Q: 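Dropping a structure here in structure tokens format, bear with me for questions.
Note that the structure is a prediction, hence the values are computed from the model and not measured.
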Amino acid sequence: MLRRRRRDGEDSPGLDEQGEADLAGTVSAGTVSAGTVSAGTGRRVADAGLADDACAGPWDISENYPPVERIDCGSLLIPVHEGIDVQINVAEEQGAWIAVVHEESGMQLQAFAAPRSGGLWDEVRLEIAQNIAETGGSWREADGPFGPELEAQVPIGEEGDPGSQLQPVRFLGFNGPRWFLRGVISGPAATDPVLAAPFNSVFSDVVVVRGDYPAPPREQLEIRLPEEARQALEEQLAEQEEHPDWYLPDPFTRGPEITETR
């Protein structure tokens with residue numbers, strides 16, 4: 001995991017490593033306790049953490065998006081906001097995902113290929129609700145700042161044994177041109193609108209780089225390490241190659257990090 005640290009230089013609490021590469025597999029949760037999933041399309045509206053209709057995203061790379069500092073993670077350009085910790089997580093089975101952390105809450109970000117006709121968030125929202133229904137949680141659909149979203153209570157536990165304790169999770173989705181962006185907010189910000197405002201702002205400022213290459217719907221768009229992170233990792237690997245097999249590195253030396261000083 002590589003992270004861009006917060007201004008004060010302290011480590012931030014991260015999201016649980018639950019970044020599934022499939023769209024509906026991020027959650028293990030239970031019984032459907034609220035209504036039906038309605039149809040919705042990507043839209044831009046003002047709300048907490050969003051300035052106004054004219055500047056609210058998420059954005060496609062072809063659009064005239066606001067010129068703020070962003071971290072280039074390949075398919076996702078993540079805005080740099082004060083007090084926000086941006087982490088890049090990679091797991092062999094789950095693929096890669098971005099974790100945006102603020103205080104005790106976090107938001108997972110992933111982008112996927114989508115059909116030209118759009119509407120993928122409607123399908124995925126229903127699948128997430130069904131997944132929650134199968135493992136004992138509850139959900140309700142709400143009209144959020146980016147359109148329809150899911151507010152859920154999902155069980156905490158291992159795969160196959162979800163447990164009885166519930167945690168709040170909020171699912172955001174946005175349909176773009178041939179792409180779909182999903183955000184999953186966990187922690188206190190999942191239920192507190194004031195704490196959610198920084199995550200709404202980050203989600204709104206994300207720029208998606210779909211690319212022109214063909215990709216089947218639901219295929220995750222590539223996430224790659226920013227240039228300075230790649231350089232730090234290459235330097236670390238090169239240093240390791242210079243030492244014999246029996247060499248033990250200094251346990252007090254930090255690994256590669258991306259540090260933003262503001």
Q: Quick one: does Y213's side chain get under 4.5 Å of L221's, heavy atoms only?
A: yes
Q: Decide yes or no for V202 and H81: does some side-chain heavy atom of the first lie under 4.5 Å from some side-chain heavy atom of the second?
A: yes
Q: Holding to side chain to side chain contact (heavy atoms under 4.5 Å, CB included), I want the full list of residues that pass it with E219, two or more places apart in sequence or in another chain.
A: A215, P216
Q: List for me each residue that meets side chain to side chain contact (heavy atoms under 4.5 Å, CB included) alongside A152, sequence neighbours excluded, and say none if there are none.
A: I132, W139, V154, F171
Q: Looking at CD1 of I98 and CD of Q87, how far apart are the two atoms once the value is rounded to the nearest 0.5 Å?
A: 10.0 Å
Q: Indicate the atoms forming the closest heavy-atom contact of L181 with Q110, along with that distance.
A: CD1-O, 3.5 Å
Q: Measuring from atom CG of D122 to atom CD of E127, what distance do you get when rounded to the nearest 0.5 angstrom?
A: 11.0 Å
Q: Who pairs with R170 by salt bridge (Lys or Arg N to Asp or Glu O under 4.0 Å), at least two apart in sequence or on another chain?
A: E149
Q: Just to verify, what does F203 make a ring pair (Phe, Tyr, Trp, His ring centres under 6.0 Å) with, not counting sequence neighbours?
A: F146
Q: For E63 and P58, which heavy atoms make the closest approach, and how far apart are they?
A: OE1-O, 4.3 Å
Q: Identify the two heavy atoms, one from L166 and one from G137, that lie closest to each other, and give their separation to 0.1 Å.
A: CD2-CA, 4.4 Å
Q: Please give me the minimum heavy-atom distance between W97 and I223, naming the atom from each residue.
A: CA-CD1, 3.7 Å
Q: Does R182 reach the side chain of L172, with side-chain heavy atoms less than 4.5 Å apart?
A: no
Q: Does M107 reach the side chain of V101, with side-chain heavy atoms less than 4.5 Å apart?
A: no
Q: So do Q108 and I185 actually touch side chain to side chain, heavy atoms under 4.5 Å?
A: no
Q: Do V80 and L109 belong together in a cluster built from hydrophobic side chains that touch within less than 4.5 Å?
A: yes
Q: Return the minimal non-hydrogen interatomic distance between E151 and A142, and the atom names on each side.
A: OE2-CB, 3.6 Å
Q: Scan side-chain atoms only and decide if Q167 and Q165 contain a donor-acceptor pair under the 3.5 Å cut-off.
A: no
Q: Examine distances only and state if a side-chain atom of S75 and a backbone atom of R210 form a donor-acceptor pair shorter than 3.5 Å.
A: no
Q: For V207, check side chain to side chain contact (heavy atoms under 4.5 Å, CB included) against everything at least two apart and list the hits.
A: W59, I61, Y65, R70, L77
Q: Mind checking salt bridge (Lys or Arg N to Asp or Glu O under 4.0 Å) for E123 and listing every partner two or more places apart, or none if nothing turns up?
A: R218
Q: Between P226 and I88, what is the shortest heavy-atom contact and its length?
A: CD-CD1, 3.2 Å
Q: Take the angle between the ring planes of W121 and F180 and call it parallel below 30°, perpendicular above 60°, tilted in between.
A: parallel
Q: Between V209 and L76, does a side chain to side chain contact (heavy atoms under 4.5 Å, CB included) hold up when you go through it step by step?
A: CA-CA 6 Å; V209 184; L76 294 176; over 6 Å; no
Q: Could you tell me whether the side chain of H102 and the main chain of P198 form a donor-acceptor pair under 3.5 Å?
A: no
Q: Could you pull out all residues at least two apart from P177 that satisfy side chain to side chain contact (heavy atoms under 4.5 Å, CB included)?
A: D60, W179
Q: Not counting sequence neighbours, which residues clear side chain to side chain donor-acceptor pair (under 3.5 Å) with T191? List them please.
A: none
Q: Find the distance between CD (E141) and CG (L150) and round it off to the nearest 0.5 Å.
A: 6.0 Å
